[in-house]
Amino acid sequence: VSELDPRDELARRLFEAARQERPSAQARRRALLAGERDASAARALELELERGERRARRATRASGVRRSAALGATLALAAAAAWLVLHVRAPERRDAFSITPEPAEAPPRSAVAPRSVDPARVLDGPAPEPPARAVPPTASAGSRAPQPRVAPPASLAEEIALLDRARAALAAADGRRALQLVDEYERVLRGTRLRAEAELLRIEALRSSGQRARAAERARRFVAEHPGSPLADRARALGQVEIETEIEGGRR
Amino acid sequence: LVIVAGRSRHDGNVTRVGRLLLPGAAQAGLAGDARVREWVDAHFDFIWRLLRRLGLRPADADDAAQHVFMIALHKIDAIAPGQERSFLYGTALRVAANVRRAARRKPEAGADALELRAGGEPGPEQQLVLGEACALLDELLERLPDELRRVLVLAEIEQLEMAEIAKLEQIPVGTVASRLRRARVAFRALLQRAGARNPFAGSDS
């Protein structure tokens with residue numbers, strides 16, 4: 001603030017306070033993972049980030065005044081980091097945007113994992129199918145205990161490609177096919193990053209296939225859950241269309 | 001990008017929703033990953049702080065920042081080396097504008113209005129002070145015209161050189177200097193009006 005009034009200490013301190021603000025480590029991690037296509041690299045990156053965060057926290061603690069408190073916090077952080085490593089695909093929070101973080105309590109895609117309800121299916125829909133991407137158990141396991149083999153998570157490219165196909169189906173006025181593809185995205189591919197887009201596509205596919213009431217209901221729910229999302233405008237518009245249709249239908 | 005701006009050459013529902021996933025994005029070059037990682041390392045904090053000072057709440061800034069980098073990933077082939085920061089900056093402005101438009105239409109309770117994520121693990125009292133400081137700063141910045149606000153943020157908070165600001169804003173350096181002067185005068189006037197409010201009062205002892 002060199003050119004600001006030199007007496008204006010408050011301005012200087014306000015700007016300084018703003019400089020102290022930092023995005024959370026989770027936010028940065030989400031951005032990194034969003035840009036990461038290679039699943040194993042993403043996983044390695046997660047671990048690397050955890051280690052970096054632990055180091056940074058330790059450094060901060062070491063320079064702090066409250067050393068005894070720091071020890072407890074470090075242990076807590078180490079435990080939290082260990083938990084994160086064990087739940088490397090765990091969510092940070094539900095996304096208000098189109099690029100959604102990992103699904104709540106996302107289970108690993110294990111061939112031996114019991115069939116479970118996909119937590120991504122927070123909205124109503126048909127019962128989930130077993131993930132086709134899960135690696136099948138090997139027949140040659142012999143006497144060895146079968147090792148859970150985790151199928152690699154879907155890459156961003158895969159997610160994009162599948163939603164592109166759903167979109168193409170919609171463009172061809174094939175709502176049913178689009179619905180199948182969105183189902184596939186959620187339950188087979190278990191897409192995580194573009195779930196909001198997938199949900200909007202589902203709403204449009206429902207409309208396209210004549211299920212307007214369900215489309216309107218889901219649109220309303222989408223807006224309620226993602227009020228600040230840029231995609232909420234679209235959902236709002238979709239819901240509005242349905243409401244207007246209902247009103248017009250009532251007049252006739 | 002188009003959907004973020006809320007505009008599209010296609011008015012059909014399908015195409016509007018689909019604009020985020022640009023055609024060919026799936027083949028957008030696996031080698032781009034390393035570039036995006038570098039961008040996140042180099043620019044994430046800058047973009048996030050910028051989004052905050054453009055009026056987004058911390059949680060919204062998280063989402064918006066992620067959105068910015070996702071867009072960058074999709075557009076990676078179109079971003080020339082050396083232009084990353086400019087691209088991210090321009091994208092962040094558009095994303096922020098869209099989020100703010102949406103927020104104006106559907107105002108939410110500012111539960112985390114005073115939330116602050118400061119580095120260096122400040123204590124609770126300091127967190128509160130810094131949170132109030134950021135809230136006051138945002139309140140004042142909100143009253144500035146956008147072009148002055150952006151220049152002030154880049155100069156005073158991000159401490160960028162005028163040449164760099166000119167590059168980001170795509171305006172001549174002289175215009176930057178002029179806007180910065182006006183922004184400082186306006187900000188000082190706003191501060192004087194808010195003189196009774198000093199989040200740091202009593203926190204220095």
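A, B, ... follow the sequence lines: proteins, then strands. Residue 1 opens every chain. Keep in mind that the numbers below use all heavy atoms, side chains included, and drop hydrogens, waters and symmetry copies. These numbers were taken from a predicted model, which means no experiment stands behind them.
- We find the CG-CD distance between A/L14 and B/E132 to be 11.5 Å, quoted to the nearest 0.5 Å.
- The two residues B/F44 and A/P23 make their nearest non-hydrogen contact at CE2-CB, 3.5 Å.
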- Should B/R49 and A/R22 be marked as a side-chain contact (heavy atoms from CB on, under 4.5 Å) after you check the CA-CA gap, both sets of side-chain angles, and the distance that decides it? CA-CA 7 Å; B/R49 278 196 304 268; A/R22 297 275 185 280; 3.9 Å; yes

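- Going from atom CD of B/E158 over to atom CZ of A/F15 covers 11.5 Å, rounded to the nearest 0.5 Å.
- Using a 4.0 Å cut-off between charged nitrogen and carboxylate oxygen, B/E156 and A/R12 do not count as a salt-bridge pair.
- Between the CD atom in A/E21 and the CG atom in B/D45 there is a gap of 11.0 Å [rounded to 0.5 Å].
- Distance CG/A/L10 to CG/B/L191: 5.0 Å, rounded to 0.5 Å.
- Interface residue B/L140: only side-chain heavy atoms are found under 4.5 Å from chain A.
- With salt bridges taken as basic N to acidic carboxylate O contacts below 4.0 Å, none links A/R28 and B/D41.
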Could you list the donor-acceptor pairs under 3.5 angstrom formed by side chains in residues 173-181 of chain A, with sequence neighbours left out?
residue: A/D174; atom: OD1; partner: A/R177; partner atom: N; Å: 3.1
residue: A/R177; atom: NH1; partner: A/Q180; partner atom: OE1; Å: 3.1

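- Contacts between B/I157 and chain A at a heavy-atom distance below 4.5 Å involve backbone atoms as well as side-chain atoms.
- Across all their heavy atoms, B/C134 and A/A17 have their closest contact at SG-O, 3.9 Å.
- By the side-chain contact (heavy atoms from CB on, under 4.5 Å) test, B/A155 is found to be paired with B/I165, B/L180, residues two or more places apart in sequence or in another chain being considered.
- Under a cut-off of 6.0 angstrom, the local environment of CD in B/E161 is sparse, with at most 12 non-hydrogen atoms contributed by other residues, nucleotides or ligands.
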